[in-house]
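Numbering starts at 1 and runs along the sequence shown.
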Amino acid sequence: EIRNCDWSSDVCSSDLLSFQQRLDAQAVEWLRRASRANPNDFNCHYLLGSVFSRQGNVDAALRAWRTALAAQPANRKLLQVMSVEYRKGNYFEEAARAAELALRTGPAEESLYLLAMQSRQDAGQHESAYALARQALEKFPGSARVNFEVGYRLHKLGRLDEAMPYFEI
């Protein structure tokens, strides 16, 4: 029978967090051993990176994922995950490269264009961000978000007259 806790949910959350941290530490040790035994195993390195990411260790996660990527260089999902993680670590150039590589590995995805655009923008590469927005517009001409992004990128370049039509409803 499940009964309601009489004590604070903070205590429950704290216990759960502590338990998760212990599991993560065990997972790191197990995955490190497994990756030493199978250095080219994609799954070991991918999972190790995922645990590091959950722990907030961006650099360790990216190291593990770069090793996984060497085993599967065209793994689109991993490239997308790495792009997001690079952005978390303020590695904007690397984030853009990973997103752009993911774009080249399969069919066009609006979310990948947006990720690449934002990463280029964060890196201060406004012209490159605009070029990606134009590419996305060719693929997704009916997308309100992509149209907004083209206008926004033109605005960032100081081309306000050209930007205005993209903001009209």
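The shortest distance between side-chain heavy atoms of Leu154 and Met164 does not fall below 4.5 Å. Residues Met82 and Glu94 are not in side-chain contact: their nearest non-hydrogen atoms beyond the backbone lie 4.5 Å or more apart. Residues Leu78 and Phe42 meet the side-chain proximity criterion, which asks for heavy atoms closer than 4.5 Å. A heavy-atom distance below 4.5 Å is not found between the side chains of His126 and Arg153. Side-chain contact between Ser53 and Lys88: present, with at least one pair of heavy atoms (C-beta onward) separated by less than 4.5 Å.
Glu149 approaches Leu114 most closely through the heavy-atom pair CG-CD2, 3.6 Å. In terms of heavy-atom proximity, Val146 sits nearest to Ala136 at CG1-C, 3.7 Å. Heavy-atom minimum distance, Asp41 versus His45: O-CD2, 3.1 Å. A pairwise comparison of heavy atoms in Pro141 and Asn147 identifies O-ND2, 3.0 Å as the closest pair. The two residues Ala163 and Gly151 have their closest heavy-atom pair at CB-O, 3.3 Å. The minimum heavy-atom distance linking Leu115 with Gln80 is given by the pair CD2-O, 4.0 Å.
The CG atom of Leu112 lies 5.0 Å from the CG atom of Leu103; values are rounded to the nearest 0.5 Å. Atoms CE and OH, from Met117 and Tyr130 in turn, are 12.0 Å apart once rounded to the nearest 0.5 Å.
With hydrogens and angles disregarded, no donor-acceptor distance shorter than 3.5 Å links the side chain of Asn38 to the backbone of Asn40. Looking only at distances, no side-chain donor or acceptor of Ser143 sits under 3.5 Å from a matching main-chain atom of Phe140. A donor-acceptor contact shorter than 3.5 Å is absent between the side chain of Ser83 and the backbone of Leu79. Listed for the Ser35 side chain is a donor-acceptor partner under 3.5 Å among the backbone atoms of Leu31. Proximity of a side-chain donor or acceptor of Trp65 to a complementary backbone N or O of Tyr46 within less than 3.5 Å is detected. Between the side chain of Arg76 and the backbone N or O of Leu101 there is no donor-acceptor pair closer than 3.5 Å. With hydrogens and angles ignored, the 3.5 Å screen pairs no side-chain donor or acceptor of His155 with any backbone N or O of Glu162.
Between the side chains of Glu93 and Gln125, at least one donor N or O sits under 3.5 Å from an acceptor N or O.
Ring to ring, Phe148 and Phe167 are close: their centroids are under 6.0 angstrom apart.
Under the 30°/60° scheme for interplanar angles, the aromatic rings of Tyr86 and Tyr91 are found to stand perpendicular.
Geometrically, Arg97 does not engage Phe92 in a cation-pi contact, judged by NZ or CZ lying under 6.0 Å from the ring centre and within 45° of the ring axis.
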Exercise. Would Gln55 and Phe52 satisfy side-chain contact (heavy atoms from CB on, under 4.5 Å), going step by step from the backbone distance to the final call?
Worked result: CA-CA 5 Å; Gln55 292 175 331; Phe52 283 137; 3.5 Å; yes
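Val51 and Leu69 fall within a single hydrophobic cluster, where Ile, Leu, Val, Met, Phe, Trp and Tyr side chains are chained together by heavy-atom contacts under 4.5 Å.
One finds no salt bridge joining Arg120 and Glu127 here, because no Lys/Arg side-chain nitrogen approaches an Asp/Glu carboxylate oxygen to under 4.0 Å.
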